[in-house]
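Order of the sequence lines sets the chain letters (A, B, ...), proteins ahead of strands, with each chain counted from 1.
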Number of protein chains: 2
Amino acid sequence: MRGINHVRLREVREQRKISLRQLAAQVGMSAALISQVERGVTAPSLETLRKLAQALDEPLFNLLDEPEERRVAVVRRERRLRLLPPDGAVAYARISPGFGRLEVLEGVLQPGDSSSPAPWGHPSEECAVVLEGDLNVLVEGEVHSLSAGDSIYFDSRLPHLYRNDSQHRTVYIVAITPPSY
Amino acid sequence: MRGINHVRLREVREQRKISLRQLAAQVGMSAALISQVERGVTAPSLETLRKLAQALDEPLFNLLDEPEERRVAVVRRERRLRLLPPDGAVAYARISPGFGRLEVLEGVLQPGDSSSPAPWGHPSEECAVVLEGDLNVLVEGEVHSLSAGDSIYFDSRLPHLYRNDSQHRTVYIVAITPPSY
DNA sequence: GTACGCGTAAAGTCACACTTAACGAGGTGA
DNA sequence: TCACCTCGTTAAGTGTGACTTTACGCGTAC
């Protein structure tokens, strides 16, 4: 009976062991509404959904029950997609399969090279870990120096750039969500 | 003027170089509505938003403009949070800072050890890359054997488990979105 | 018993998510 | 200079469905 408007509310609420009325009181709406929403009888407004997400301390998009491809994909090292850099600086290989909400890349930077000619932003979040060598990450004009094992996390919308200012090659892994590279 | 109901529609639509009327025709709604939604004059229904997301080929949650902490966080190798495994098998270290939509972990498995006593699922997607050694990943009962450099991607809701069936230690990195470990 | 709590059902109402239609501003070609 | 596109915006009007209140049935504790 799960309609097109289904949201994963009940699941989350029950996990928190909160009753309908408790939750309703907390967000200032009627318990009946939440019941209706949980059973897909009524579609909640965005505003309502936001309030619920906040009360449950869940990111909003976590309540949205998107149809997913429940697939498993293995990518072998030698089958990785090599991303040709627009201007030949960084060598990126895509570790993730190319679908899903998550993109993982391996970047290799030779001394002096950088991931792009100029800092730029895209609407995602990313986290990079250095596997080998040293890496300078420019975010919003500020330089962060990382060594092997260090990581950096930032909102990708801030203009950014990876650069190898050392004398040896640098290898790092970047995880991006949602994919926008 | 961006209200509480703001959705990142215009941004995405303009990027695709689609006009209001084109998009409206495509999803079968009026251009005026889209204009109103884009400017935050009117809040779209979930249903409407879903249609738009589909037409633009964007995941729904990508259109939702959640208030973000536009922060940059660096985590040094020695400052990583060590996650104590519930039952002492895997040694996880959190590479990501602990906020945001993305969680990145480094897992180390000694021979014979596994990430948890039994396969389990959580509502996310994850991608794992093997850095060192060999790794068996059980997803939905099926075993996938990975060597250094190989990776696997799957819907974390499928019951899964990481296991080291080899004679030497295994190191791997897992990226998870949204965080739910 | 009766008095809580739980989730559900039914019925009513008003906001607001939508429509259609008209508007002003650019651009383009005859 | 027209007329004639197309762009996004505005204004006004309407219907529906997202909400409320109230009442119900069930379990459980005292």
Side-chain angles (χ1 to χ4, degrees), chain A residues 1-67 121-123 157, chain B residues 1-67 123 157:
Chain A
M1 218 287 187
R2 74 166 35 183
I4 202 169
N5 282 319
H6 192 261
V7 286
R8 309 183 27 252
L9 228 192
R10 172 144 310 182
E11 202 176 328
V12 176
R13 180 178 61 82
E14 289 184 337
Q15 211 172 317
R16 302 269 196 291
K17 307 213 187 300
I18 302 179
S19 80
L20 278 179
R21 289 183 226 274
Q22 281 175 326
L23 183 54
Q26 207 175 109
V27 299
M29 65 181 73
S30 69
L33 174 59
I34 303 185
S35 170
Q36 288 162 17
V37 168
E38 286 190 346
R39 286 172 297 128
V41 172
T42 252
S45 74
L46 249 191
E47 202 20 41
T48 299
L49 205 51
R50 254 189 254 264
K51 280 192 218 151
L52 289 170
Q54 188 170 12
L56 292 170
D57 194 28
E58 276 284 319
L60 173 53
F61 65 88
N62 237 4
L63 294 182
L64 301 170
D65 188 33
E66 289 193 81
H122 43 103
R157 289 182 292 194
Chain B
M1 219 287 189
R2 75 166 33 183
I4 203 168
N5 282 318
H6 192 262
V7 286
R8 307 182 28 251
L9 230 191
R10 171 143 311 182
E11 203 173 329
V12 177
R13 180 178 60 82
E14 289 185 337
Q15 214 170 333
R16 302 270 196 291
K17 308 213 186 298
I18 302 180
S19 81
L20 278 179
R21 289 182 226 273
Q22 280 176 326
L23 182 55
Q26 206 174 116
V27 298
M29 65 182 71
S30 68
L33 173 59
I34 304 184
S35 170
Q36 287 161 17
V37 168
E38 286 189 346
R39 284 171 299 129
V41 172
T42 251
S45 73
L46 249 192
E47 203 17 44
T48 299
L49 206 50
R50 254 189 253 264
K51 281 192 220 154
L52 287 171
Q54 188 170 11
L56 292 170
D57 193 30
E58 277 284 318
L60 174 52
F61 67 89
N62 231 5
L63 295 182
L64 301 170
D65 189 31
E66 290 192 81
R157 290 183 292 195

>> Please report the distance, rounded to the nearest Å, between CG in B/L20 and C1' in D/dT9.
In response: 9 Å
>> Need to verify one output field. Residue with the more 5' nearest nucleotide on DNA chain D, A/T48 or B/E14?
In response: B/E14
>> Could you tell me how far apart B/K51 (NZ) and C/dA17 (P) are, to the nearest whole angstrom?
In response: 15 Å
> In whole angstroms, how far is the C1' atom of D/dG8 from the CD1 atom of B/I18?
Replying inline: 16 Å
> Quick one: B/L49 CG to C/dA17 C1', roughly how many Å, whole number?
Replying inline: 13 Å
> How many Å lie between CD on A/E47 and C1' on D/dC19, as a whole number?
Replying inline: 14 Å
>> If you compare every side-chain N and O of B/S19 against the phosphate oxygens of D/dC7 (OP1, OP2), does one of them come in below 4.0 Å?
In response: yes
>> For A/Q54, is the CD atom crowded, meaning more than 12 foreign heavy atoms sit under 6.0 Å from it?
In response: no
>> Rounded to whole Å, please give me the gap between CG in B/L46 and C1' in C/dA17.
In response: 13 Å
> Around A/Q22, counting heavy atoms of other residues, nucleotides and ligands shown, do more than 12 lie under 6.0 Å from its CD?
Replying inline: yes
>> Rounding to an integer number of Å, can you tell me how far B/R13 CZ sits from D/dT9 C1'?
In response: 12 Å
> In terms of side-chain heavy atoms of B/Q36, which of D/dT20, D/dT9, D/dA11 is nearest?
Replying inline: D/dA11
> Within the modelled atom types, does a donor on one side and an acceptor on the other bring the side chain of A/R21 and the base of C/dG5 under 3.5 Å apart?
Replying inline: no
>> So does B/I18 get a backbone contact from the side chain of B/R13, meaning a donor-acceptor N/O pair under 3.5 Å?
In response: yes
> Side chain of A/S45: nearest nucleotide among D/dT21, D/dA18, C/dC18?
Replying inline: D/dA18
> Of all the choices, C/dT19, D/dA18, D/dT20, which nucleotide is nearest to the side chain of A/A32 once you look at every atom?
Replying inline: D/dT20
> Does the side chain of A/L23 reach to within under 4.5 Å of the side chain of A/R16, using non-hydrogen atoms?
Replying inline: no
> Does the side chain of B/S35 get closer than 4.0 angstrom to OP1 or OP2 of D/dT9 through an N or O atom?
Replying inline: yes
> With a 4.5 Å heavy-atom cut-off, do A/R39 and A/R10 have their side chains touching?
Replying inline: yes
> Between C/dA10 atom C1' and A/L33 atom CG, what is the distance in whole Å?
Replying inline: 15 Å
> Counting only side-chain N and O atoms of B/R10, is one of them less than 4.0 Å from OP1 or OP2 of D/dC7?
Replying inline: no
>> Taking only side-chain N and O atoms of A/R39, does any of them lie within less than 4.0 angstrom of OP1 or OP2 on C/dA9?
In response: yes
> Among D/dA18, C/dT19, D/dT21, which is the nearest nucleotide to the side chain of B/M29?
Replying inline: C/dT19
